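To keep things clear, I will list the structure first and then write my remarks on it.
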Amino acid sequence: MTAVPARASRPVLARATAPASPMAHLLDAGVLPQQQMMQAGKLSSHALTSQYLARIRSLCSIGARAYPGIEINPDALKIALEMDRERQGHKVRGPLHGIPVVLRDNIATGDRMTTRTQAPAATHARCDSFVAARLRAAGAVIIGKSNLRQWAAVSVPHASASWAGLTILAVDSEADGSIVAPASTCGLVAIQPTGRAAAGQAGEPAAAGPMAPSVREAAWLLAALCGDTASNGAALDVAGLHGRRIGVARGLFGRCAATDAVIEQALQVLRGQGAELVELPPASVPGAIEELLRAQALDALVGPTCHAVPPAHAIQPQITVPAGAVHGLPVGLSFIGALHAEAQLIAMAYAYEQATLHRRTPALPSSITLALRLP
């Protein structure tokens with residue numbers, strides 16, 4: 001199938017507009033305000049899901065012929081109603097109860113949505129993948145799947161994550177930085193968990209990680225993926241950087257002077273929050289990260305979030321946090337840690353996030369158009 005040139009799509013996306021609604025501000029407010037309103041009886045999962053579906057249809061329908069964007073789950077509203085019934089019966093599974101989530105299209109779901117594998121055509125999975133099953137157990141409402149692969153094929157490698165902003169939470173799968181890199185371009189927090197060397201059974205991705213507007217929400221989503229449905233992020237601490245020894249991965253710098261300048265400002269914040277920074281020459285980063293962390297007694301590495309992840313980074317846990325913007329598009333700061341050190345990375349990322357609060361809610365049509373104009 002021949003990809004449609006990116007140039008032809010720009011005016012179409014530029015005309016897309018988000019639906020006007022009194023609830024529009026709530027869609028970007030975050031999981032905690034949404035949960036508080038549902039707990040107070042002022043909002044239902046069904047109403048919230050309906051509003052996200054309206055936003056998705058509004059932004060995708062005009063250009064859907066060229067860019068399918070998201071396949072909507074035909075059972076989404078039914079699932080949301082079931083979560084509302086559970087809440088009315090005083091059963092709340094955790095912080096994701098009734099919250100809409102979008103999955104990448106290669107994560108299998110045993111429903112009416114298709115799953116993309118290495119086969120030429122998408123298929124219907126017989127059962128839920130490990131990822132989907134745990135999200136359902138946490139009470140999340142899977143409202144659709146994002147066809148990121150087609151976006152990446154149109155020579156717009158970083159525009160795909162703009163679709164993650166069409167819902168408050170998303171789950172992506174790791175493929176050459178496809179979790180953290182697109183999230184950073186959209187001003188989102190994303191966690192690439194410790195990965196496996198190869199994909200799981202039935203083509204399940206080697207690692208699946210959350211995209212969210214904040215570290216706390218990303219941590220909630222990661223906890224659900226790990227089977228901890230009741231986690232409330234209570235371990236997060238604004239002093240999470242104090243006393244940490246962090247290596248500055250200079251090998252990740254040098255791709256864009258403006259991005260480097262933003263990250264240099266981020267390094268000053270890390271120092272101000274009590275972290276000890278250790279300068280690492282570029283040649284020291286591409287090697288085995290585990291050995292480097294041990295040899296230098298480091299808690300983590302930091303640097304700009306990269307769009308081409310070195311092989312040595314592929315299985316290391318990593319979290320990207322908004323650090324500022326260049327030419328109107330966000331820049332992410334990455335914390336890279338030892339295997340299975342996600343909790344430590346989350347603590348450091350949360351402290352940085354709270355010290356800076358760089359996250360800005362994007363105007364979705366403008367963000368997509370800006371991404372398409374990138375070389």
Side-chain angles (χ1 to χ4, degrees), residues 21-23 25-56 72-104 107-113 125-145 164 166-171 189 191 193 204 208-236 342-343 346 350:
S21 166
M23 287 183 60
H25 70 282
L26 187 61
L27 300 185
D28 302 309
V31 173
L32 184 58
Q34 292 170 354
Q35 285 289 3
Q36 289 171 337
M37 289 193 68
M38 285 192 278
Q39 190 65 26
K42 298 179 180 179
L43 177 68
S44 67
S45 176
H46 184 273
L48 184 64
T49 301
S50 296
Q51 288 296 313
Y52 278 121
L53 292 176
R55 174 183 276 186
I56 289 170
I72 292 175
N73 183 359
D75 299 319
L77 292 176
K78 178 181 177 181
I79 297 169
L81 278 175
E82 180 59 31
M83 293 302 102
D84 286 334
R85 294 190 187 100
E86 288 190 4
R87 189 182 294 274
Q88 291 168 2
H90 305 288
K91 177 183 178 181
V92 177
R93 305 188 188 193
L96 300 187
H97 188 104
I99 301 297
V101 178
V102 167
L103 306 184
R104 186 167 178 173
I107 298 175
T109 53
D111 51 26
R112 290 189 282 171
M113 291 188 292
R126 295 181 179 179
C127 61
D128 277 345
S129 63
F130 183 79
V131 169
R134 287 199 159 174
L135 287 173
R136 294 191 202 277
V141 178
I142 301 174
I143 65 170
K145 292 186 177 183
L166 298 181
T167 184
I168 202 68
L169 300 174
V171 176
V189 174
I191 303 173
E204 189 166 347
M211 291 181 177
S214 73
V215 173
R216 184 181 297 276
E217 291 159 333
W220 283 341
L221 189 48
L222 181 65
L225 294 174
C226 295
D228 183 5
T229 59
S231 176
N232 59 9
L236 297 179
E342 285 86 347
I346 289 170
Y350 179 76

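Note that the coordinates shown come from a computational prediction; the quantities given were computed from them, not determined experimentally.
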Is [X] reaching over with its side chain to a backbone N or O of [Y], donor-acceptor style, under 3.5 angstrom?
X	Y	result
R93	R136	yes
Q35	G98	no
R87	S44	no
Y350	R216	no
Q34	A29	no

I would like to know whether T49 and I79 meet side-chain contact (heavy atoms from CB on, under 4.5 Å); could you show each step before the answer? CA-CA 10 Å; T49 301; I79 297 169; over 6 Å; no
Within this structure, what is the [atom1]-[atom2] distance for the pair [X] and [Y], rounded to the nearest 0.5 Å?
X	Y	atom1	atom2	value
L48	M38	CG	CE	6.0 Å
W220	L236	CH2	CG	9.5 Å
L32	I168	CG	CD1	11.0 Å

Could you list the residues that satisfy salt bridge (charged side-chain N to carboxylate O under 4.0 Å, His left out) with R126, not counting sequence neighbours?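 Expected list: none.
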Taking the side chain as C-beta and beyond, is there a heavy-atom pair between [X] and [Y] under 4.5 Å?
X	Y	result
L135	L103	yes
V101	L96	no
I143	V102	yes
L225	R134	no
I99	E217	no
D75	I142	no

Carboxylate-amine/guanidinium contact K78 D111, below 4.0 Å: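 Looking at D111 together with K78, the answer is no, because their closest N to O distance does not fall below 4.0 Å.
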Partners of A218 by side-chain contact (heavy atoms from CB on, under 4.5 Å), sequence neighbours excluded? V189, I191, P210, A212
Sequence-distant partners of A343, side-chain contact (heavy atoms from CB on, under 4.5 Å), two or more places apart: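 In terms of side-chain contact (heavy atoms from CB on, under 4.5 Å), with neighbours along the sequence ignored, A343 is linked to no residue.
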